[in-house]
Amino acid sequence: MGNPRVVLARRTLGSLRSEKTIVLALVIQLFIAGFSSFLVVGLVSLYDPGTTNGDALTVSVGVTGNASSDVAATIADDDSRSVVPYPSQAAASAAFQRGDVQALVHATRQPGGRILAAATAPEGSFRTTLVVTELKGALSTLERERRADLDHRLERTPVDLPPDERSNPYFSFTYTVLLPLLAFLPAFISGSVMADSMAEELERDTLSLLRVAPLSLPEIVDGKAIALVGLAPAQVALWLLLLWLNGTHIANPLALLALVAGVAAVLVATGAALALRVGARREAQLLYSFVALAVFGVASLLPQSPQNLIARLAVDSPTTLTWGLLGVALTVAAASYTGLRWLAGGAET
């Protein structure tokens, strides 16, 4: 007969197959990681439609007003936008209602050379997001141009404007949204399963049966934790492999897995401690959810949030602070699990 802790770990993993919610969550994560390249294109096009090229998405803008020539030149500077001048606002509004143009801009020149622009976009739809994105880009460019044209009137030199740089939206979405989601969700699920499993054992009074094995309460915690803490980095390793097969380069994979294991250990220890204290599944799950969200909320206030740590490690741009915070996370994980075993030992006596 093998080590009782390992036997209990296998039993815990085997029981996950009957948890339909957990299995569904794993399947969803598998789908996201396996088809990440398609999902990234679709999701990025939803929140930044301007990244999608094509004649079908060209935005036609009706322009009116005594400053329409200045605005029209800026709007037409991008191939994704076209300009249709109108002699009056009434004519432009009629064309907008007929669907001849997707947006309106009425530009009037103010005293002192300033230009006041009022934009009109269609009501809520996918095209609305595209139109608003394009108009925002055009008007921001116009603002920069007007600032440059009028800067000779300034008596003092203001703070320089930040450089007009756009990062690759696919790159940003993959490393700041998709990868942290795939990395931390398994850790969150492991803690939830730990809270549920320990509370269920207490509710059904099956811990006494496990102790007959013989296993002490700290050893029972060890067996369950071996399975659930180890499951999170194992899942993330598979997700990283699938992302790599989809063409997403991931640097420092071992450091990423260490961070995930540390976060999973903290959450598993939290879930088990709450279950030992509360003893009821529903209350333990509710408290765990609140505590886990609070932990991530507090961690987001750090100089480098957990999401930022994942992104920096994945793109191979870690700083000394990044490695220091990784060490802190692993130290907190060790302290959390040590505290859990102490709590389990006290609950047994």
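Just so you know, these numbers use all the heavy atoms, side chains as well, and skip hydrogens, waters and symmetry mates.
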Quick one: [atom1] on [X] to [atom2] on [Y], what's the gap to the nearest 0.5 Å?
| X | Y | atom1 | atom2 | answer |
| --- | --- | --- | --- | --- |
| Arg312 | Ser305 | CZ | OG | 9.5 Å |
| Leu240 | Leu245 | CG | CG | 11.0 Å |
| Gln102 | Ser82 | CD | OG | 7.5 Å |
| Ile189 | Leu231 | CD1 | CG | 9.0 Å |
| Ile250 | Leu242 | CD1 | CG | 11.5 Å |
| Leu325 | Asn308 | CG | CG | 9.5 Å |

Got a list of side-chain donor-acceptor pairs under 3.5 Å for residues 286-295, not counting sequence neighbours?
unit_1	atom_1	unit_2	atom_2	d
Tyr288	OH	Phe188	O	2.8
Tyr288	OH	Ser192	N	3.4
Ser289	OG	Gln285	O	3.0

Val221 versus Met198: any side-chain heavy-atom pair under 4.5 Å?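 Val221 vs Met198: side chains touch.
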
Taking the side chain as every heavy atom from C-beta outward, state whether Phe296 and Leu267 have any pair of such atoms under 4.5 Å apart.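 Side chain of Phe296 against side chain of Leu267, heavy atoms only: contact under 4.5 Å found.
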
Look at the side-chain heavy atoms of Ile, Leu, Val, Met, Phe, Trp and Tyr, link any pair under 4.5 Å apart, and say whether [X] and [Y] land in one connected group.
| X | Y | value |
| --- | --- | --- |
| Val63 | Val132 | no |
| Phe96 | Ile75 | no |
| Ile310 | Leu238 | yes |
| Val263 | Val332 | no |
| Leu179 | Leu309 | yes |

Between Ser190 (side chain) and Val229 (backbone), is there a donor-acceptor pair under 3.5 Å?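 No: the side chain of Ser190 does not pair with the backbone of Val229.
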
Could you tell me whether a side-chain N or O of Ser140 sits under 3.5 Å from a main-chain N or O of Gly137, the two making a donor and an acceptor?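 Looks like no, no N/O pair under 3.5 Å.
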
Indicate whether any N or O donor in one side chain lies under 3.5 Å from an N or O acceptor in the other, for Gln304 and Thr319.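 Indeed, the side chains of Gln304 and Thr319 share at least one donor-acceptor pair under 3.5 Å.
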
Can you list everything that forms a salt bridge (Lys or Arg N to Asp or Glu O under 4.0 Å) with Glu143? Sequence neighbours excluded, please.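 Expected list: Arg147.
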
Results of salt bridge (Lys or Arg N to Asp or Glu O under 4.0 Å) for Asp77 - residues two or more places apart only: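 Listed in chain order: nothing, the list is empty.
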
Where [X] and [Y] come nearest, the two heavy atoms and their spacing:
| X | Y | answer |
| --- | --- | --- |
| Thr74 | Arg81 | O-NH2, 3.7 Å |
| Thr176 | Ala311 | CG2-CB, 4.4 Å |
| Ala275 | Ala195 | CB-O, 3.5 Å |
| Ala269 | Leu340 | CA-CD2, 3.7 Å |
| Val236 | Ala183 | CG2-O, 3.7 Å |
| Ala225 | Met194 | N-CE, 4.1 Å |

Option passing side chain to side chain contact (heavy atoms under 4.5 Å, CB included) with Val61 (candidates Val101, Leu135, Val131):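 Going through Val101, Leu135, Val131 one by one, the side chain to side chain contact (heavy atoms under 4.5 Å, CB included) with Val61 is satisfied by Leu135 alone.
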
Donor-acceptor pairs are to be reported for all side-chain atoms of residues 65-73 against protein atoms at under 3.5 Å, with residues two or more places apart or in another chain.
unit_1	atom_1	unit_2	atom_2	d
Asn66	OD1	Arg109	N	2.7
Ser68	OG	Gly65	O	3.0
Asp70	OD2	Arg109	NH2	2.2

Show me, pair by pair, the donor-acceptor contacts under 3.5 angstrom made by side chains of residues 86-93, not counting sequence neighbours?
unit_1	atom_1	unit_2	atom_2	d
Ser88	OG	Ala91	N	3.3
Ser93	OG	Gln89	O	2.9

For residues 252-261, which side-chain N or O atoms pair as donor and acceptor with protein atoms under 3.5 Å away, sequence neighbours left out?
unit_1	atom_1	unit_2	atom_2	d
Asn252	ND2	Leu313	O	2.9
Asn252	ND2	Asp316	OD1	3.4

